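Labels below follow one simple rule: chain letters A, B, ... track the order of the sequence lines, proteins then strands, and each chain is numbered from 1. Values below: all heavy atoms of this structure, side chains included; hydrogens, waters and symmetry mates excluded. Please read these numbers as outputs of a predicted model, since none were measured by experiment.
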Amino acid sequence: MERTAYCGNLRITNVGESVTLLGWIANKRNLGSLVFIDLRDASGYVQLIAKNPDILPEIKNESVVQVRGVVSKKDVPNPSLPTGEIEVEITSMTLLSKAALTPFIIADKSDALEETRLKYRYLDLRRPCMLHNLRVRSKIVSLWHRYFEAHDFLEVETPILNLATPEGARDYLVPSRLHHGSFYALPQSPQLWKQLLMIAGVERYFQVARCFRDEDLRADRQPEFTQLDEEVSFMDQEEILTLNEGFLALLFKEIKGIDISLPLRRMPYWEAMDVYGSDKPDTRYGLHLIDLKDVFAGVEFDGFQGAYIRGIVVPGSAKSTSRKAVDELNMEARKFRLKGVMTLKLENGVLGGSFAKFLNEEQKAKVISSLSLKEDDLLLFAASPDRRAVDFGMGAIRTLEAKKLNLIDPNTFDLLWVVDFPMFDPIPGEEGKYTAEHHPFTRPRDEDLHLLDSNPEEVLAYAYDIVINGYECGGGTLRIYDHDTQWKIFNLLGLSDEDVARKFGWFIDAFQYGVPPHGGMAYGLDRLVMIFTGTDNIRDVIAFPKNLQAVDPTSKAPARVSKEQLDAVGITLIEGDEHEEE
RNA sequence: GGACCAUUGGUGUAGCGGCCCAACAUGCUUCCCUGUCACGGAAGAGAUCACGAGUUCGAAUCUCGUAUGGUCCGCCA
């Protein structure tokens with residue numbers, strides 16, 4: 001179609017040009033014999049002016065029009081728009097498609113609820129801020145390709161229809177028509193395939209990989225999501241981190257214009273847990289967790305028996321933290337298997353709070369001096385024999401207090417690697433049983449291999465997560481490349497020899513034929529876009545996301561299918577599961 | 001599987017036992033307007049307050065249940 005310019009690109013230098021524009025009518029201001037129209041296309045807005053409104057067709061908001069006109073300088077510029085110095089004097093306008101009244105106003109400052117926006121996602125995406133999010137997403141993927149191609153990585157597509165894996169998240173299953181009773185699974189990640197590519201000698205692989213997990217959703221979790229996936233042979237952990245720091249630096253430079261300083265900080269897992277109460281710490285603010293074992297030495301309190309005791313000092317918050325506020329903190333603490341959070345407050349020089357009655361004067365003085373408590377300081381702490389519970393619980397409270405005190409500057413970016421993850425995570429309540437902290441293909445550190453049999457909990461792994469502003473944006477590991485070690489890890493995770501042979505034989509057999517030492521990582525693309533667009537809702541960075549019930553709000557998928565479709569794949573729904581008539 | 005919160009004209013909110021067959025903003029319709037840019041001004045249309053039961057002389061308002069949506073825990077190797 002005839003189109004000589006894009007709305008958002010017109011500038012003062014274009015004054016005098018005749019242009020033909022295509023776009024949507026975003027808004028109109030009718031002054032009687034003078035009409036202003038904001039025209040929007042994918043590039044942005046420009047103001048149109050009709051000095052003779054009789055020539056205009058019927059102009060409903062969001063109708064699509066073709067406009068011919070002349071760019072002219074505005075008497076009074078509008079500095080809030082990039083095109084604010086000019087306007088286009090309409091010589092003719094053709095209505096291409098008339099719009100019905102939209103359910104909500106198409107503008108960045110829309111007041112519609114997310115539910116409404118998602119139902120009419122195609123209208124929601126017309127809002128420039130949403131289009132911007134899609135642009136940032138596209139830019140990240142583009143930089144991903146640019147960077148890893150420059151480092152000789154090869155993009156390889158891996159299968160979408162896979163063997164169901166017994167470990168990990170629940171699989172999305174796909175029934176097979178040719179093999180009644182058999183099912184494929186959608187990939188949770190291309191993990192095994194990319195390791196086979198290393199064994200195949202590809203050496204450097206990368207892929208934009210769609211992944212699927214049939215688990216419950218969250219504000220930052222979707223059932224289908226995109227990983228920027230990479231795997232490389234013959235690199236050690238430091239080499240992989242350095243390679244990826246180059247990519248991260250490129251992202252921040254190209255998207256934000258920020259030079260991040262390299263190398264990034266590497267923080268051991270247990271430091272992150274004990275000091276920040278998280279394996280994805282937000283280090284933009286303090287409120288560090290303090291070990292209180294020594295401070296409370298000699299205090300008679302049942303809950304301290306064999307317990308880890310950790311707390312945070314919240315400055316200037318003793319008076320402002322009400323009973324109700326403490327109740328809310330207790331609610332939060334209980335989410336992490338803690339009984340609650342205890343308080344000490346220094347008010348008017350006297351130590352009060354819920355725990356004060358367990359302390360004698362001498363002990364109170366010790367608490368004040370050893371923590372250097374100042375007037376109006378609040379000490380929040382918890383105790384539990386479960387180290388992770390104390391750390392995660394106080395970490396959650398640290399985050400709440402930081403938000404309350406407004407300690408987080410949203411315009412700063414804070415990047416670090418969390419390294420030295422434990423190989424295994426004990427299953428609470430089941431002595432001697434473990435799950436893999438990362439995944440079963442993770443390579444234990446060489447210096448810890450001797451602990452595998454005696455003390456598996458102490459084995460650390462070659463595993464690393466990239467954490468930005470408290471979000472885990474990616475992670476990876478070096479992989480086991482020895483057949484016997486891989487087998488042994490499966491055994492430690494509770495799989496019998498028969499289980500391993502049956503479920504992973506097709507994979508582990510490959511380890512007999514010469515395996516390069518290899519490792520890799522994957523970024524959560526959706527999380528990266530969230531960081532770069534400053535949103536905390538994953539649905540804002542995906543064009544057509546699912547809602548929390550894993551339903552597509554636009555099409556209402558999933559839905560029942562016809563009996564014919566079920567028959568073709570040999571599936572009968574169980575009784576009582578009423579089947580709606582088609 | 002569990003906890004908590006929400007649901008009121010097209011949209012977003014207020015109202016939290018009688019001042020409410022419901023208020024405000026915005027959108028919509030009609031009219032006026034030559035410099036607006038969140039244009040302004042005037043008039044108007046538009047809601048059985050998610051659904052079902054209950055408490056009460058009286059329910060948008062209280063209780064219970066259901067549905068839908070959101071946030072979190074479990075879960076997410």
Side-chain angles (χ1 to χ4, degrees), chain A residues 26-39 45-53 60-62 72 74-81 83-87 89 100-120 123 165-171 188-189 191-192 211-223 225 328 331-338 389 392-393 396 399-400 421 423-425 427-428 434-442 461 463 472 475 477 489-490 493-495 503-504 524 536-537 539 547-549 551 553 556:
Chain A
N27 197 11
K28 53 192 185 286
R29 292 172 291 279
N30 188 343
L31 279 65
S33 57
L34 185 64
V35 175
F36 295 100
I37 294 168
D38 296 330
L39 189 70
Y45 296 100
V46 71
Q47 174 167 286
L48 311 177
I49 177 169
K51 293 186 171 171
N52 178 12
K60 298 276 186 189
N61 280 351
E62 296 306 320
S72 65
K74 271 183 176 180
D75 296 338
V76 184
N78 177 2
S80 62
L81 276 180
T83 59
E85 287 185 285
I86 55 99
E87 61 195 359
E89 285 191 38
L101 179 60
T102 56
F104 54 91
I105 299 161
I106 312 299
D108 280 356
K109 290 177 77 175
S110 169
D111 56 0
L113 287 184
E114 194 185 20
E115 192 178 349
T116 314
R117 289 170 41 208
L118 287 174
K119 184 175 176 188
Y120 303 95
L123 297 178
T165 52
E167 309 297 313
R170 277 184 281 264
D171 285 314
Q188 297 180 24
S189 96
Q191 181 65 32
L192 302 182
C211 304
F212 306 85
R213 291 179 188 172
D214 189 7
E215 296 292 347
D216 287 357
L217 289 78
R218 289 287 189 283
D220 61 353
R221 218 159 74 192
Q222 284 275 303
F225 58 99
E328 282 168 12
M331 293 257 293
E332 188 72 11
R334 284 190 203 105
K335 289 179 186 170
F336 296 90
R337 288 177 284 136
L338 295 175
F392 278 130
T399 306
L400 283 182
F421 280 79
M423 183 72 201
F424 301 103
D425 208 359
I427 299 173
Y434 304 97
T435 58
E437 174 83 29
H438 207 98
H439 59 51
F441 316 106
T442 302
E472 183 204 321
T477 66
I489 296 292
F490 278 131
L493 292 170
L495 272 74
K503 294 168 178 169
F504 290 104
D536 52 11
N537 182 344
R539 295 179 293 269
N547 70 14
L548 275 192
Q549 279 62 243
V551 169
K556 302 296 183 205

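- Between Arg213(A) and Val551(A), the residue whose closest nucleotide on RNA chain B is further toward the 5' end is Val551(A).
- Taking atom C1' in both rC76(B) and rA50(B), one finds a spacing of 32 Å when rounded to whole Å.
- A parallel orientation is assigned to the rings of Phe504(A) and Phe490(A), their planes being inclined by less than 30° (bins at 30° and 60°).
- Between the side chains of Asn537(A) and Glu114(A), at least one donor-acceptor pair of N or O atoms lies under 3.5 Å.
- Spacing between rC5(B) and rG10(B) at atom C1', rounded to whole Å, works out to 25 Å.
- Of the listed nucleotides (rG70(B), rA38(B), rA77(B)), rG70(B) has the atom at the smallest distance from the side chain of Leu548(A).
- Residue-environment remark: NZ (Lys109(A)) stays at or below the threshold of 12 foreign heavy atoms within 6.0 Å.
- For rG70(B), its base never sits under 3.5 Å from the side chain of Arg539(A) at any donor and acceptor pair.
- Taking the salt bridge (Lys or Arg N to Asp or Glu O under 4.0 Å) definition, one finds that Glu85(A) meets it with nothing, sequence neighbours left out.
- Within the 4.5 Å cutoff, the side chain of Tyr45(A) has heavy atoms near those of the Leu81(A) side chain.
- When heavy atoms are screened at a 4.0 angstrom cut-off, Gln188(A) is found touching no nucleic acid atom at all.
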Nucleotides 2-5 of chain B: which of its N/O atoms have a protein N/O under 3.5 Å away?
none

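- A distance of about 49 Å separates the P atoms of rG41(B) and rG54(B), rounded to the whole Å.
- Looking at Arg213(A) and Asp171(A), no side-chain N of the basic residue comes within less than 4.0 Å of a carboxylate O on the acidic one, giving no salt bridge.
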Give every pair of a protein N or O atom and an N or O atom of nucleotides 10-13 of chain B that lie under 3.5 Å apart, one pair per line with the distance.
| residue | atom | partner | partner atom | Å |
| --- | --- | --- | --- | --- |
| rG10(B) | O2' | Pro103(A) | O | 3.4 |
| rU11(B) | O4' | Pro103(A) | O | 2.9 |
| rU11(B) | O2' | Asp111(A) | OD1 | 3.1 |
| rG12(B) | OP1 | Leu113(A) | N | 3.1 |
| rG12(B) | OP1 | Thr116(A) | OG1 | 2.9 |
| rG12(B) | O4' | Asp111(A) | O | 3.4 |

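- Look at the C1' atom in both rU13(B) and rG58(B): the space between them is 27 Å, to the nearest Å.
- The side chain of Lys60(A) lies closest to rU29(B) when the candidates are rU34(B), rC76(B), rU29(B).
- Between the base of rC72(B) and the side chain of Arg221(A) there is no donor-acceptor pair shorter than 3.5 Å.
- Counting distance only, with no hydrogens placed and no angle test, the side-chain atoms of Glu215(A) and the base atoms of rG74(B) include no donor-acceptor pair under 3.5 Å.
- Considering only the side chain of Asn547(A), rG69(B) comes nearest among rA38(B), rC37(B), rG69(B).
- Asp214(A) comes within 4.0 angstrom of nothing in the nucleic acid, heavy atoms only.
- In terms of phosphate contacts, Arg29(A) brings a side-chain nitrogen or oxygen within less than 4.0 Å of OP1 or OP2 of rC39(B).
- For His439(A) and Leu81(A), each mapped to the nucleotide of RNA chain B holding its nearest heavy atom, the one lying further toward the 5' end belongs to Leu81(A).
- Rounded to a whole Å, the CZ atom of Arg334(A) is 17 Å from the C1' atom of rG74(B).
- Remark: the Asp216(A) side chain and the rG74(B) base include a donor-acceptor N/O pair separated by less than 3.5 Å.
- Side-chain atoms of Gln47(A) and base atoms of rU36(B) include a donor and an acceptor less than 3.5 Å apart.
- In this structure, rC21(B) forms no base pair with any nucleotide, since neither Watson-Crick nor G-U wobble geometry is met with both distances under 3.5 Å.
- rA42(B) and rU30(B) make up a base pair, with Watson-Crick or G-U wobble contacts both under 3.5 Å.
- Within a 6.0 Å radius of NZ in Lys74(A), more than 12 heavy atoms belonging to other residues, nucleotides or ligands are found.
- Rounded to whole Å, the C1' atom of rC33(B) lies 11 Å from the corresponding atom of rC39(B).
- Going from the P atom of rU48(B) to that of rU63(B) covers 24 Å, rounded to whole Å.
- A 4.5 Å side-chain heavy-atom check between Leu400(A) and Glu332(A) finds at least one atom pair inside the cut-off.
- One atom, CD of Gln549(A), and another, P of rG1(B), lie 12 Å apart when rounded to the nearest Å.
- Taking atom P in both rG17(B) and rU61(B), the straight-line distance is 11 Å, to the nearest Å.
- Heavy atoms of Thr165(A) sit nowhere under 4.0 angstrom from any nucleic acid atom.
- Put simply, the side chain of Glu215(A) gets close to the backbone of Arg170(A): a donor and an acceptor are under 3.5 Å apart.
- Within the structure, every side-chain polar atom (N or O) of Asn27(A) is placed at least 4.0 Å from both OP1 and OP2 of rU36(B).
- No more than 12 heavy atoms of other residues, nucleotides or ligands sit less than 6.0 Å from atom OH of Tyr120(A).
- Distances were taken from every side-chain heavy atom of Thr435(A) (C-beta onward) to each of rC37(B), rA77(B), rG35(B); the shortest belongs to rA77(B).
- Using a 4.5 Å heavy-atom threshold, the side chains of Ile106(A) and Glu62(A) count as touching.
- In a base pair of the Watson-Crick type (N1 to N3 plus N6-O4 or O6-N4) or a G-U wobble (N1-O2 and O6-N3), with each distance short of 3.5 Å, rC51(B) is matched with rG65(B).
- One atom, CZ of Phe421(A), and another, C1' of rA77(B), lie 14 Å apart when rounded to the nearest Å.
- Taking atom CD of residue Glu437(A) and atom C1' of nucleotide rC75(B), one finds them 15 Å apart after rounding to whole Å.
- Across the strands present, rC4(B) finds its partner in rG70(B); the criterion is a Watson-Crick or G-U wobble pair with both atom distances under 3.5 angstrom.
- The CG atom of Asp75(A) sits 10 Å away from the P atom of rU36(B) (whole-angstrom rounding).
- Residues Thr83(A) and Gln47(A) have side chains not in contact (no heavy-atom distance under 4.5 Å, counting atoms from C-beta outward).
- Residue Lys51(A) is classed as a base contact, given a heavy-atom separation below 4.0 Å to a base.
- The backbone N or O of Val35(A) sits nowhere less than 3.5 Å from a side-chain atom of Arg29(A) that would complete a donor-acceptor pair.
- Of the listed nucleotides (rC76(B), rC33(B), rU34(B)), rU34(B) has the atom at the smallest distance from the side chain of Leu34(A).
- Going from atom CZ of Arg170(A) over to atom P of rA77(B) covers 11 Å, rounded to whole Å.
- Put simply, CZ on Phe36(A) is 16 Å from P on rC33(B), counting in whole angstrom units.
- Candidate nucleotides rC37(B), rG74(B), rU71(B) were compared by shortest atom distance to the side chain of Arg218(A), and rG74(B) ranks first.
- Pairing for rA60(B) is absent, judged as Watson-Crick or G-U wobble with the two contacts each under 3.5 Å.
- rC21(B) sits 14 Å from rU8(B) when the C1' atoms are compared, rounded to a whole Å.
- The distance from atom CG of Leu217(A) to atom P of rU71(B) is 10 Å, rounded to the nearest whole Å.
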